[in-house]
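Only this structure's heavy atoms are used, side chains among them; waters, hydrogens and symmetry mates stay out.
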Amino acid sequence: DTLFVADIRCIRKFHRITGVPFRHLCWDATTSLNDLTADPRGDLFVSQSGTDAGPGALFRLRNTADVPQGMSLADGTVLDGPSLGGPNGVLADGGGLVVVTMGSGEVFRLTRAGERLDLQETSDRSFDGIVSIGPPGYLVSSFFESAVLWMRPDGALHPFLEDVEGPADIGWDAARERVLVPLFHADEVIVQTVDWSTSALSVLREGP
């Protein structure tokens with residue numbers, strides 16, 4: 001029943017029904033917390049996109065811990081700095097952690113064994129958010145491309161929703177099969193209902 005929110009330098013916690021705030025967690029090393037995701041074990045993963053004041057990084061807050069730890073690969077490589085390409089959207093799934101980057105247009109997976117697997121190599125895209133839509137793969141928002149793309153499990157990209165200026169960190173309503181796309185510039189949310197059997201799509205624009 002806890003809703004976690006990334007707030008620049010803090011992780012804030014609220015009761016998901018009442019909205020009552022719980023104790024928040026802030027730490028000095030952070031400069032630009034962006035997205036967060038939780039795995040089935042209750043561990044929380046947070047991206048730090050990086051600014052002039054601090055490098056990009058990935059943090060993990062274990063279910064039993066009070067302080068997040070910077071993530072690293074099995075060989076000891078610390079996951080921070082320019083090599084991360086400005087990590088933005090993160091998604092924990094059965095295979096580990098999937099990360100999309102804003103600065104370098106990459107998508108990569110961090111496996112539970114501590115390996116990095118590239119799903120999309122460096123590109124001129126600026127990925128913002130990522131959600132899983134089950135067996136069909138993922139939806140990723142491409143900010144400056146003004147699009148939401150369908151990424152198949154093999155990494156192939158296909159247009160899904162186009163001409164949406166400034167699509168930010170998207171959400172997925174699995175129960176009703178809807179993707180929620182916040183538009184950064186327009187200050188509104190597109191709610192896209194998906195009918196996979198007929199490929200018929202309907203769009204409802206909601207206010208800010």
Side-chain angles (χ1 to χ4, degrees), residues 3-12 14 16 19 24 30-37 45-59 82 84-92 98-108 119-133 136-152 155-174 176-195 199-208:
L3 174 68
F4 294 88
V5 180
D7 184 18
I8 308 298
R9 293 181 175 83
C10 303
I11 297 174
R12 304 195 183 275
F14 303 86
R16 71 178 185 90
H24 58 266
T30 59
T31 58
S32 54
L33 295 183
N34 192 305
D35 192 23
L36 47 75
T37 182
F45 300 87
V46 188
S47 65
Q48 176 173 279
S49 294
T51 64
D52 292 340
L58 294 168
F59 297 97
L84 283 183
N88 204 309
V90 288
L91 172 69
V98 184
V99 182
V100 301
T101 69
M102 175 69 79
S104 61
E106 296 174 271
V107 183
F108 59 89
L119 303 179
Q120 287 289 324
E121 297 182 353
T122 301
S123 70
D124 57 1
R125 290 187 164 103
S126 294
F127 293 123
D128 196 307
I130 179 170
V131 294
S132 171
I133 55 174
Y138 308 92
L139 295 178
V140 295
S141 54
S142 183
F143 191 86
F144 293 115
E145 198 173 2
S146 299
V148 176
L149 307 173
W150 168 34
M151 188 176 75
R152 299 189 324 200
L157 289 171
H158 302 275
F160 178 80
L161 187 61
E162 300 179 286
D163 298 323
V164 284
E165 186 178 1
D169 194 0
I170 54 179
W172 175 245
D173 178 352
R176 289 173 285 191
E177 294 195 315
R178 306 190 308 180
V179 59
L180 296 88
V181 186
L183 304 182
F184 186 85
H185 301 296
D187 193 22
E188 65 180 29
V189 176
I190 290 180
V191 181
Q192 178 85 53
T193 302
V194 181
D195 184 346
S199 296
L201 305 176
S202 61
V203 177
L204 171 65
R205 286 187 180 272
E206 298 185 347

Open item on the list: Please give me the minimum heavy-atom distance between Ala156 and Gln120, naming the atom from each residue.
Closed with: N-NE2, 4.4 Å
Open item on the list: Nearest 0.5 Å, please: how far is CZ in Phe45 from CG in Leu91?
Closed with: 11.0 Å
TODO: Output the distance between atom OG (Ser49) and atom CG (Asp128), rounded to the nearest 0.5 Å.
DONE: 8.0 Å
- [ ] Can you measure from CG (Leu139) to CD (Gln192) and round to the nearest 0.5 angstrom?
- [x] 9.5 Å
Open item on the list: Minimum heavy-atom separation for Ala57 and Leu84, please, with both atom names.
Closed with: CA-CD1, 3.7 Å
Task: Shortest non-hydrogen contact from Val148 toward Val164 - done: N-CG2, 4.4 Å
- [ ] Locate the shortest heavy-atom distance separating Thr193 from Arg176; write the atom from each residue and the value.
- [x] CG2-O, 4.4 Å
Task: side-chain contact (heavy atoms from CB on, under 4.5 Å), paired with Val99, selected from Asp35, Ile130, Val90 - done: Val90
TODO: Any chance you could measure Met102, atom CE, to Asn88, atom CG, to the nearest 0.5 Å?
DONE: 4.5 Å
- [ ] Rounded to the nearest 0.5 Å, what's the gap from OG on Ser142 to CE on Met151? Could you check?
- [x] 12.5 Å
Open item on the list: Is any side-chain heavy atom of Trp172 closer than 4.5 Å to one of Val179?
Closed with: yes
- [ ] Could you tell me which non-hydrogen atom of Phe143 sits nearest to which non-hydrogen atom of Phe184, and how far apart they are?
- [x] CE1-CB, 3.7 Å
TODO: Hey, could you give me the CD/CG distance between Glu145 and Asp163, rounded to the nearest 0.5 Å?
DONE: 11.0 Å
TODO: Verify, without hydrogens or angle tests, whether Ser123 (side chain) and Gly105 (backbone) share a donor-acceptor contact under 3.5 angstrom.
DONE: yes
TODO: Using the test side-chain hydrogen bond (donor to acceptor under 3.5 Å, both in side chains), find all partners of Ser47 that sit at least two apart in sequence or belong to another chain.
DONE: none
Open item on the list: side chain to side chain contact (heavy atoms under 4.5 Å, CB included) for Asp7 and His24? Distances and angles first, verdict last.
Closed with: CA-CA 10 Å; Asp7 184 18; His24 58 266; over 6 Å; no
Task: Intermediate values then yes/no, side chain to side chain contact (heavy atoms under 4.5 Å, CB included), Leu149 and Phe160 - done: CA-CA 5 Å; Leu149 307 173; Phe160 178 80; 5.7 Å; no
Task: Glu106 to Thr101 - nearest heavy-atom pair and separation - done: N-OG1, 2.8 Å
Open item on the list: Which residue is it: Val191, Asp169, Val189, Leu161? I am looking for the one with a side-chain contact (heavy atoms from CB on, under 4.5 Å) to Val181.
Closed with: Leu161
Task: Ala168 backbone acceptor or donor facing Ser141 side chain under 3.5 Å - done: yes
Open item on the list: Would the distance check show the side chain of Ser126 and the main-chain N or O of Phe144 forming a donor-acceptor pair, the cut-off being under 3.5 Å?
Closed with: no
